[in-house]
Every structure is written in structure tokens, then in C-alpha cells.
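Before any comments, here is the structure.
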Amino acid sequence: MEFGPEISLVALFIGLVIGGAIGFLVGRAGVSRQRQAVDEHAKAQADLQRDVETHLRETAGLMDRLAADYQDMYAHLAAGARRFGVSEAPLDRGRALSDQSVAAEPAPHGAAPDQPPRRDEPV
């Protein structure tokens with residue numbers, strides 16, 4: 001049994017169509033896996049960003065508490081120094097810091113401030 005050139009061309013065309021369909025389906029499956037991996041990575045990135053923001057918020061709260069505790073400790077030591085008659089010279093700076101308003105505007109850069117800058121202000 002011999003096949004003519006027409007049957008060979010038809011068989012070649014059918015093979016190309018079937019091969020193209022298989023390649024298309026395999027390619028889509030690969031794209032689907034890649035898209036799923038990208039989605040999982042984006043979710044992990046969003047979770048990490050949320051965790052970092054939560055950590056930074058907690059750190060800021062702890063720093064605020066630490067600063068308040070430091071101010072309370074300094075006020076306690078200053079009151080003890082006044083009570084027990086220690087020299088007043090070191091207390092003048094402490095009074096200036098404790099009387100300083102939190103809402104006060106910092107002095108512009110280059111200007112001589114009336115008081116030394118707080119630790120949380122840029123120099």
C-alpha cells in the first residue's frame with residue numbers, strides 16, 4: 001500500500017494541528033503554575049509588609065513609653081536632689097527640659113535655640 005503526496009501532506013497537517021494543540025495546552029498549564037506562584041509571592045510580600053508595619057508601630061509605642069519613663073526618672077532624681085540639698089547647677093538644664101512644651105516648634109537649622117535640642121530633634 002502506497003500513499004500519495006496528498007495523504008502525506010494531510011498527515012503532516014493533522015500532526016501539526018495536534019502538536020500545536022498539545023503545545024498550547026502544556027503552555028497554558030505552565031502559565032497557570034507561574035501565575036499561581038506570582039500570586040503566592042505577592043501574598044507573602046503583603047504579609048511581610050503588614051508584619052513590618054506592625055513591628056514599627058509597636059517599636060514607636062515602646063520608644064514613647066521609654067521616653068516618658070526617662071522623663072519621669074529624671075524628674076524623680078531632680079526632686080530628690082532638691083530635697084536632699086544637692087547643688088542646683090545640674091538641675092537648671094533639667095528644669096528647662098521638663099518645662100519644654102512637646103508642641104513647641106523646634107528652632108530652624110542654623111538658629112541658636114534658647115534650649116539645647118531634645119534627643120528626638122535633629123541637630
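Scope of the values below: all heavy atoms of this structure, side chains included, with no hydrogens, waters or symmetry mates.
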Derivation and outcome, side-chain contact (heavy atoms from CB on, under 4.5 Å), residues Arg35 and Val38: CA-CA 5 Å; Arg35 180 164 298 175; Val38 167; 5.6 Å; no
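With sequence neighbours left out, the side chain to side chain contact (heavy atoms under 4.5 Å, CB included) criterion links Val26 to Ile22. With sequence neighbours left out, the side chain to side chain contact (heavy atoms under 4.5 Å, CB included) criterion links Leu56 to Val52. For Arg50, the salt bridge (charged side-chain N to carboxylate O under 4.0 Å, His left out) criterion is met by Asp47, not counting sequence neighbours.
The CG atom of Leu77 sits 10.5 Å away from the CZ atom of Arg82 when rounded to the nearest 0.5 Å. Within the model, atoms CG of Asp39 and CD of Gln34 stand 12.0 Å from one another, a figure rounded to the nearest 0.5 Å.
Applying the salt bridge (charged side-chain N to carboxylate O under 4.0 Å, His left out) test to residues at least two apart or on different chains, none of the pairs has a partner in residues 57-75.
Membership of the apolar cluster around Val17 extends to Phe13, as traced through chained side-chain contacts below 4.5 Å between ILVMFWY residues. Through direct or relayed side-chain contacts under 4.5 Å between Ile, Leu, Val, Met, Phe, Trp and Tyr, Phe24 connects to Leu25.
Partner of Ile14 under the side chain to side chain contact (heavy atoms under 4.5 Å, CB included) criterion, out of Leu16, Ile18, Leu12: Ile18 alone.
The local environment of CD in Glu53 is crowded, with over 12 non-hydrogen atoms from other residues, nucleotides or ligands closer than 6.0 Å.
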